[in-house]
Amino acid sequence: MTATARGVDAPGRAGIDARTLRTDRWWLPPAATTVGLLAFVVYGGVRAFQQQYFFADERYLTPFYSPCVSLGCAAEPGAAHFGMFLPDHPLIPYAALSLPFLLLFRLTCYYYRKAYYRSFWLSPAACAVPEPHAQYTGETRFPLIMQNAHRYFFYLAAVIALINTYDALLAFRHPTDGFVVGVGNLVLLVNVALLWGYTLSCHSCRHVMGGRLTHFSKHPVRYRLWTWVSRLNTRHMFFAWITLGTLVATDLYVMLVARGTITDLRIVG
Ligand code: FES
């Protein structure tokens, strides 16, 4: 043992040679997390830069391209609800105004931190499994100190969720057929409802609702909101994963309809 040994090798710790005494499949959750997150990042990355098949049936805009603010959005009249001002360049996603903030919102999320600290950084991979890192500085230094900016990304994510809601509502109006309802509308609605579930169940949202209060009894409205958000908050991990799935499913649906691979089934109109 060296003088600088830390963690399980620190002076005074039991001298156990085995890496861990756990006999269960403790590596399964971090491995599954790695696969799940990587799959989403690869899919999202490919789609964000594809710059094609993002608008279907003249009304369905995929969340990966919302808001569509690039000059390239002109290829799909009706997709740009908030104007077009970003240069049309292969390296600039059409939704470059929202995607970086959504990424930062998820990257600094308290649940995802736990997920990727365990799966990618092995810090630690699981309870009673020593981490390979010799030092632990927590989130006190750059770059991890940036995790503290999560509350600001929450505000931006809430604005983007409003934009996604606007997209989903606008999708009920077809430029020539008027009010219509198709399977795509249901897909967009379910996705946006779950996105709100994820956004409102955020720990920062819970703090915004009921944090820094000395007496809940003097703030009944904030107490009520805090109670609702607290209930959602217990399901934050669920919303974190299900929204990765619904984002991909929604984007895939819009892409397949836009490509003509499948036809959107009209329920009304
Ligand atoms: Fe997960 Fe805020 S804690 S989004």
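Keep in mind that this is a model prediction, so the values were computed, not measured.
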Can you check whether [Y]'s main-chain N or O pairs, donor with acceptor, with [X]'s side chain at less than 3.5 Å?
X: His89; Y: Leu91; answer: yes
X: Asn148; Y: Ile145; answer: yes
X: His133; Y: Trp121; answer: yes

Distance (rounded to the nearest 0.5 Å) between [X] [atom1] and [Y] [atom2]:
X: Arg118; Y: Thr34; atom1: CZ; atom2: OG1; value: 12.5 Å
X: Tyr112; Y: Ser119; atom1: OH; atom2: OG; value: 11.5 Å
X: Tyr117; Y: Ser123; atom1: OH; atom2: OG; value: 8.5 Å
X: Tyr198; Y: Leu200; atom1: OH; atom2: CG; value: 12.0 Å
X: Leu170; Y: Leu61; atom1: CG; atom2: CG; value: 9.5 Å
X: Thr176; Y: Glu58; atom1: OG1; atom2: CD; value: 5.5 Å

Treating Ile, Leu, Val, Met, Phe, Trp and Tyr as nodes and any side-chain heavy-atom pair under 4.5 angstrom as an edge, say whether [X] and [Y] lie in one connected cluster.
X: Phe154; Y: Leu162; result: yes
X: Phe105; Y: Leu232; result: yes
X: Trp27; Y: Val35; result: no
X: Leu188; Y: Val180; result: no
X: Phe64; Y: Leu97; result: no

Results of side-chain contact (heavy atoms from CB on, under 4.5 Å) for [X] - residues two or more places apart only:
X: Leu156; result: Phe101, Phe153
X: Trp26; result: Arg19, Thr20, Arg22, Asp24, Ala125, Ala126, Val129
X: Asp88; result: Gln51, Ser70, Leu71, Tyr94

(request) Check the surroundings of atom OH in Tyr223: do more than 12 heavy atoms from other residues, nucleotides or ligands lie under 6.0 Å from it? (result) no
(message) Does Val254 form a side-chain contact (heavy atoms from CB on, under 4.5 Å) with Phe55? I'd like the steps, not just the answer.
(response) CA-CA 7 Å; Val254 172; Phe55 195 57; 5.8 Å; no
(request) Take Asp167 and Arg59 through the test salt bridge (Lys or Arg N to Asp or Glu O under 4.0 Å) and record every step on the way to the result. (result) CA-CA 8 Å; Asp167 293 336; Arg59 61 203 181 94; over 6 Å; no
(request) Check whether any side-chain heavy atom of Asp264 lies under 4.5 Å from a side-chain heavy atom of Tyr60, and answer yes or no. (result) yes
(message) What I'd like to find out is whether the side chain of Phe54 reaches to under 4.5 Å of the side chain of Met255, using heavy atoms alone.
(response) no
Which pairs of donor and acceptor atoms, one on a side chain in residues 205-214, lie under 3.5 Å apart (sequence neighbours left out)?
| from | atom 1 | to | atom 2 | distance (Å) |
| --- | --- | --- | --- | --- |
| Arg206 | NE | Ser230 | OG | 2.8 |

(message) Would Arg113 pass as a cation-pi partner of Tyr110, given that its NZ or CZ must be under 6.0 Å from the six-membered ring centre and within 45 degrees of the axis?
(response) yes
(request) Could you name each residue pair satisfying disulfide (SG to SG under 2.5 Å) that touches residues 51-136, not counting sequence neighbours? (result) Cys68-Cys73
Acceptor/donor pairs from residues 239-252 side chains to any protein atom, 3.5 angstrom cut, sequence neighbours excluded:
| from | atom 1 | to | atom 2 | distance (Å) |
| --- | --- | --- | --- | --- |
| Trp241 | NE1 | Tyr111 | OH | 2.7 |
| Thr243 | OG1 | Arg106 | NH1 | 3.0 |
| Thr243 | OG1 | Arg106 | NH2 | 3.2 |
| Thr243 | OG1 | Phe239 | O | 2.5 |
| Thr243 | OG1 | Ala240 | O | 3.2 |
| Thr246 | OG1 | Asn191 | OD1 | 3.1 |
| Thr246 | OG1 | Ile242 | O | 3.3 |
| Thr246 | OG1 | Thr243 | O | 3.3 |
| Thr250 | OG1 | Thr246 | O | 2.6 |
| Asp251 | OD1 | Arg47 | NE | 3.2 |
| Asp251 | OD1 | Arg47 | NH2 | 3.1 |
| Asp251 | OD1 | Thr62 | OG1 | 2.6 |
| Asp251 | OD2 | Tyr43 | OH | 2.5 |
| Asp251 | OD2 | Arg47 | NE | 2.6 |

(message) Ring-plane angle category for Tyr155 and Tyr152, please: parallel below 30°, perpendicular beyond 60°, tilted otherwise.
(response) tilted
(message) Determine whether Phe82 and Tyr166 satisfy the following criterion, side-chain contact (heavy atoms from CB on, under 4.5 Å), listing intermediate values before the conclusion.
(response) CA-CA 11 Å; Phe82 298 92; Tyr166 180 68; 3.7 Å; yes
(request) Work out which heavy atom in Tyr116 is nearest to a heavy atom in Leu37; give both atom names and the distance. (result) CB-CD1, 4.3 Å
